[in-house]
2 protein chains.
Amino acid sequence: MRNYYTPGEVAERFDLTLDTLRYYEKAGLLRRVDRSPSGHRRYRSDDVELLNMIRCLRDTDMPIARLREFAELIREGDHTVPDRLRMLQSHQERLNERIAEMRACQAVIEHKIDYYLGVLAESSPDPLKETP
Amino acid sequence: MRNYYTPGEVAERFDLTLDTLRYYEKAGLLRRVDRSPSGHRRYRSDDVELLNMIRCLRDTDMPIARLREFAELIREGDHTVPDRLRMLQSHQERLNERIAEMRACQAVIEHKIDYYLGVLAESSPDPLKETP
DNA sequence: GCTTGACCTGGAGCGCGCTCCAGGTCCCAT
DNA sequence: ATGGGACCTGGAGCGCGCTCCAGGTCAAGC
């Protein structure tokens, strides 16, 4: 029973390419990952756990640079928990703002959709009762 | 009484730079804008109206290429209303999906925040009743 | 022994959406 | 007449986040 994950497994699990996975490591989002005797990477379950977080944060547009900061805090040890907490909390706030912004845009777009629907209704009115 | 807007006015109104405004024009998001005798741009109110839509769509991550398609439909005339409608509707759907995705990520992040709060609570428990 | 496939490396390249620049024109106020 | 400010042009450059590549190693199965 293996206690590690191969690059292929990890890539598939998070829907990342091998290139991206290596890029994340180079960029400092992951520690230097363990290797098999032949040099292949072996991801531990805590790497995978971190990647899960990374994917969430990336998917919500946290830039790589900030992700690296976060990862560095983790590597520095338990005394950085308050800083990590602050990072996550402020990210949540930004996210709330972003979602609100998107909702506002949606409203404007919806308005335009209604307008277009109106235009169509007028140009081709009730097909059973055409205007004379 | 002027019936046009200067580049500076438009840029400020939509919080864009003059460069971006010109870029949008080059990219085909705007028609070739009118000019003053001295060559300065003069935006009409329908340009401004379109820009308002463009800003909404860009702010919700519609790529420039798709925006150009949309703008071209407008230029082609009223018979493209159904196509425009479809574009906006499918954009709204994508947006809903995107927002749902972000909410899902937020839940994961919130979970982590709670975990960190737990860690902190444990490492520095009730300050008035320290563990012996 | 040979092929296949998964993985390795360092480094170059790319697509997107701007952003910046040099050098110029025009107009208005001092 | 001079200076400042708003704007013009074409084209180069940039930051980000990957993505691709050539050339190589290794392990397992036929």
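Throughout, protein chains are lettered first and strands after them, A, B, ... in sequence-line order, and every chain is numbered starting at 1. Hydrogens, waters and symmetry mates play no part in the numbers below; they use all other heavy atoms, side chains included. Being a predicted model, the structure only gives us computed values, none of them experimental.
To the nearest 0.5 angstrom, Ser45(A) atom OG is 12.0 Å from Asn52(A) atom CG. One distance of note links CD of Glu25(A) with CG of Asp47(A); it measures 8.5 Å at 0.5 Å rounding. For the atom pair OG1 (Thr20(B)) and CZ (Phe14(B)), the distance works out to 13.5 Å, reported to the nearest 0.5 Å. Between Ile113(A) atom CD1 and Gln92(B) atom CD the span is 4.5 Å, to the nearest 0.5 Å.
With hydrogens and angles left out, the side-chain atoms of Gln89(A) and Arg86(A) include no donor and acceptor closer than 3.5 Å.
Here dG5(D) presents its P atom at 17 Å from CD of Glu12(B), a figure rounded to the nearest Å. Regarding Leu21(B), its CG atom lies at a distance of 14 Å from the C1' atom of dA6(D), rounded to whole Å. As rounded to whole Å, 13 Å separates atom C1' of dA6(D) from atom CZ of Arg2(B).
Remark: Arg35(A), Gly39(A), His40(A), Arg41(A) in residues 33-52 of chain A come within less than 4.0 Å of DNA chain C through at least one heavy atom.
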Contact string for nucleotides 12-22 of chain D, one letter per nucleotide 5' to 3', B = base within protein heavy-atom range under 4.0 Å, S = sugar-phosphate only, - = neither, reads -----BBBB--
Please evaluate residues Arg98(A) and Asp61(B) with respect to the criterion salt bridge (charged side-chain N to carboxylate O under 4.0 Å, His left out), reporting the C-alpha separation (whole Å), side-chain torsions for both, the decisive distance (0.1 Å), and the verdict. CA-CA 12 Å; Arg98(A) 177 73 182 125; Asp61(B) 302 312; 3.1 Å; yes
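Taking 4.0 Å as the cut-off between side-chain N and carboxylate O, Lys112(B) and Glu49(A) count as a salt-bridged pair.
More than 12 heavy atoms of other shown residues, nucleotides or ligands fall within 6.0 angstrom of atom CG in Asp46(A).
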